[in-house]
Number of protein chains: 2
Amino acid sequence: MKKKITLKQIARELDVSISTVSKALSGSKEISEDTTQKIQAFAKLYNYKPNNIALSLKNRKTKTIGILIPEIVHHFFSTVIRGIEKVANRRGYNVIVGLSNESFTKEIINMELLANGSIDGFILSISKETLLKQDYHHFNATISQGIPIVMFDRVVNEVACDKVIVDDFNGALKAVNKLIENGCKNIALLTTMDYVSVGRLRTQGYLKALENHKIFANSDLILKIDDSLNVENHIEILETEIHNFLKINPTIDGIFAVNELYAVTAMKVARKLGYKIPDDIQVIGFTDGVLSKHATPSLTTVSQHGEKIGEQSANLLIDRLEANDIENDKYFIEDDSKADYIKMVIETEIIERESTK
Amino acid sequence: MKKKITLKQIARELDVSISTVSKALSGSKEISEDTTQKIQAFAKLYNYKPNNIALSLKNRKTKTIGILIPEIVHHFFSTVIRGIEKVANRRGYNVIVGLSNESFTKEIINMELLANGSIDGFILSISKETLLKQDYHHFNATISQGIPIVMFDRVVNEVACDKVIVDDFNGALKAVNKLIENGCKNIALLTTMDYVSVGRLRTQGYLKALENHKIFANSDLILKIDDSLNVENHIEILETEIHNFLKINPTIDGIFAVNELYAVTAMKVARKLGYKIPDDIQVIGFTDGVLSKHATPSLTTVSQHGEKIGEQSANLLIDRLEANDIENDKYFIEDDSKADYIKMVIETEIIERESTK
DNA sequence: TTGTAGGCGTTATCAT
DNA sequence: ATGATAACGCCTACAA
């Protein structure tokens, strides 16, 4: 077992001082050609690499980003992580992942754990429970400790930080526009409860599209599904709800769903009821995941560009981290209260597949 | 901006020594009731929390686990992460994620980066490129540095470490048995190239099931799909390949696929060709992900219990880390060469859905 | 009961 | 050209 070698050990072996070794390895020209060579050769032989933890302590920065998301077995979130990891890696950062599991408490615990020196900044998406409680003190607390946060997707005005969001409103608008232009007269909306802002925005986009086309918004055609309890037989309940909904509203000829699961389930139920897709009913979902791509028929969706969201979030965070560096080097600290934060909006894109004409 | 407070600052404010503060906070009874109270109150007021990095440096352990996987936008891998994170958190560990993106080089870079003090041990699944190259020196190098590794799913005999694997052979065996018992006479196998061991094992299970039932294994009924290049129009190619395959072999009445994508695609293609599922062709896939659950018809699959794999991996790793602690405390180091490593096999389970009778 | 000193691994500053 | 020292934040054996 060859434990990693340290400067101290190299110094002892070569009978020089620690600082000589450090300088030689960093190529300082304070050190003579000879000793530099000798030390570098020795270091390479023993595969010396500086210890990250020691560097973190010394530099007071860890070069790692904390990601805090509600759920990881989830196409959108994992795509975002991939985007974050990509630019983080490119820019010399590591990524540490915490899962809130949609729980307020776990979000706080994770946050406090990581905030104690483990990370330089956070990229996060707020848990449902936190959104329900509307208690954001932990975010503000870590920001006021000097740890920057970038929020994505599930963001909130009450916290002053950079944000990257999907253009939910326009995405929904475009989707419903498309259904209208394709000839749909009675367009249903499948959505979630309102406390998750993205659901609300998508609903607004739906309503706006109808309004623009002077179509009366019939509240009977809006089905709000409560997914706050992730119960075991979730899918059966979902199917039943949609089934009843379609039975009661036989005039529906278009469906816009705020996520792909609702959309795919709606297609499934509709087909069981004898509807042809897209001939009798056209369907568009939000979120472009595996389900959309491989459903039969494949689903037309509003793509959120999760990877781009991750990349932008990482860039925003790292930009701010490195801007802070410079400020600190200048020995003055900007008054944070007037720092202006960026809200970046990622445009959506409609991916046309077989569920629309 | 209230930066996090340190022991030193508390000491200065309260006009005591750093060690007094440290002891008072850890509840040592060396310190008088009075000062302990005073210090603890002050610390609580300023929300003192010890700095993780400093602790890591001092204790020479980081309490974080490095996860290294080929891909994160992937149901199986993200499920495993969820399992790891769950027990890691429970046992006081954090989780840092690196993605190899199926690349040998990125796997090495990530590994070396994290091995320089950032983590106490690895949980990983080998990248395809590494499996192709059969170059495992980086794994052995980090192990010989005293950093334990637990491999899952894509494992390899050449590396001496704990392993957690799916019972691919028996999973495939059970699946094909089921097809046979359901009356299938000509069962096709949709598999990958052989270098990923799991593909090979599943193929062997398929062959064994046939053999057990004295069915001649017709190599025409085995389609090996090369997914080493993840090209853009991957799906179209896949569909075409399977389409041609089914056309050439019209007697096929059962399909076993080594992943759910192949299975779902096969169902799609078969239906386009006019087959009824499960009446004309029955289909079973490996991996129980979203696709299986929501496909039409829903897919019977072999579930790999990814979350359990993650949990077991984390437990194995942490057990070993904490066993090492004890050894070190005893001032003797076990001879690693005769350490016996555990290979844990997670049984699969067949989830019956609509694609089989 | 409290404080001092040393060390975890590194780098930077200031001697020699 | 090389080395000693201090510091990052914490803990702890040992002094006082």
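Proteins come first, then strands; the chains are lettered A, B, ... in the order of their sequence lines, and each starts at number 1.
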| Counting only distance, no hydrogens or angles, is the base of D:dA4 paired donor-acceptor with the side chain of A:Ser19 under 3.5 Å? | yes

| Whole-Å distance separating the CZ atom of A:Arg12 from the P atom of D:dG3 | 15 Å

| request: State plainly whether the residues B:Arg91 and B:Asp319 are in salt-bridge range, i.e. N to O under 4.0 Å. | output: yes

| task | Before giving the answer on salt bridge (Lys or Arg N to Asp or Glu O under 4.0 Å), spell out for B:Glu71 and B:Lys128 the whole-Å C-alpha distance, their side-chain angles and the decisive distance to 0.1 Å. | result | CA-CA 11 Å; B:Glu71 170 61 280; B:Lys128 278 185 194 166; over 6 Å; no

| field | Carboxylate-amine/guanidinium proximity below 4.0 Å for B:Lys38 and B:Glu13 | value | no

| query | Over how many whole Å does the gap from B:Lys49 atom NZ to D:dC11 atom P extend? | reply | 14 Å

| field | Residue pair A:Arg320, A:Asp162: steps toward the salt bridge (Lys or Arg N to Asp or Glu O under 4.0 Å) verdict | value | CA-CA 9 Å; A:Arg320 198 166 286 277; A:Asp162 293 325; 2.7 Å; yes

| said: Students often get this wrong, so: under 4.0 angstrom with heavy atoms, is B:Lys23 touching a base, only sugar-phosphate, or nothing? | reply: base

| Would you say D:dC11 has OP1 or OP2 under 4.0 Å from some side-chain N or O of B:Ser26? | no

| Is any side-chain N of the basic residue among B:Glu85 and A:Lys106 closer than 4.0 Å to the acidic one's carboxylate O? | yes

| said: Could you tell me if B:Asn51 and B:Lys4 have a donor-acceptor pair between their side chains, going purely by distance under 3.5 Å? | reply: no

| With a non-hydrogen cut-off below 4.0 angstrom, is B:Lys8 in contact with a base, only sugar-phosphate, or nothing? | sugar-phosphate

| D:dA1 OP1/OP2 closer than 4.0 Å to side-chain N/O of A:Lys29 | no

| task | Dump the intermediate steps for side-chain contact (heavy atoms from CB on, under 4.5 Å) on A:Thr130 and A:Lys133, then the final yes or no. | result | CA-CA 5 Å; A:Thr130 306; A:Lys133 277 192 139 77; 5.7 Å; no

| request: Could you tell me whether A:Thr6 contacts a base, only the sugar-phosphate backbone, or nothing, with contacts defined as non-hydrogen atoms closer than 4.0 Å? | output: sugar-phosphate

| query | Which sits closer to the 5' end of DNA chain C, B:Asn59 or B:Glu33, going by the nucleotide each is nearest to? | reply | B:Glu33

| request: Measure the distance from CG on B:Asn52 to P on D:dC11 and round it to the nearest whole Å. | output: 11 Å

| field | Interatomic distance, B:Asn51 CG vs D:dC10 P [rounded to whole Å] | value | 6 Å

| task | Using whole Å, report how far CG of A:Asn116 lies from C1' of D:dC10. | result | 13 Å

| remark: From CD1 of A:Ile31 across to P of D:dA4 the rounded distance in Å is 13 Å

| query | Base, sugar-phosphate alone, or nothing: which one does A:Leu57 contact when heavy atoms must sit under 4.0 Å apart? | reply | base

| said: So for atom OH, which belongs to B:Tyr46, do other residues, nucleotides or ligands contribute more than 12 heavy atoms lying within a distance under 6.0 Å? | reply: no

| task | Could you tell me whether the phosphate oxygens of D:dG9, OP1 or OP2, come under 4.0 Å of any side-chain nitrogen or oxygen in A:Arg60? | result | yes

| task | Look at all strands and tell whether A:Leu55 reaches a base, only sugar-phosphate, or nothing, counting heavy atoms closer than 4.0 Å. | result | sugar-phosphate

| query | How close or far is atom P of D:dT5 from atom NZ of A:Lys58, stated in whole angstroms? | reply | 17 Å

| query | Between B:Glu30 and B:Ala54, who's closer to the 5' end of DNA chain C by nearest nucleotide? | reply | B:Glu30

| field | For chain B, the stretch of DNA chain C it reaches, first to last nucleotide, under 4.0 Å of its heavy atoms | value | C:dT1 to C:dG9

| task | Mind calculating the distance between CG (A:Asp34) and P (D:dA1) to the nearest angstrom? | result | 11 Å

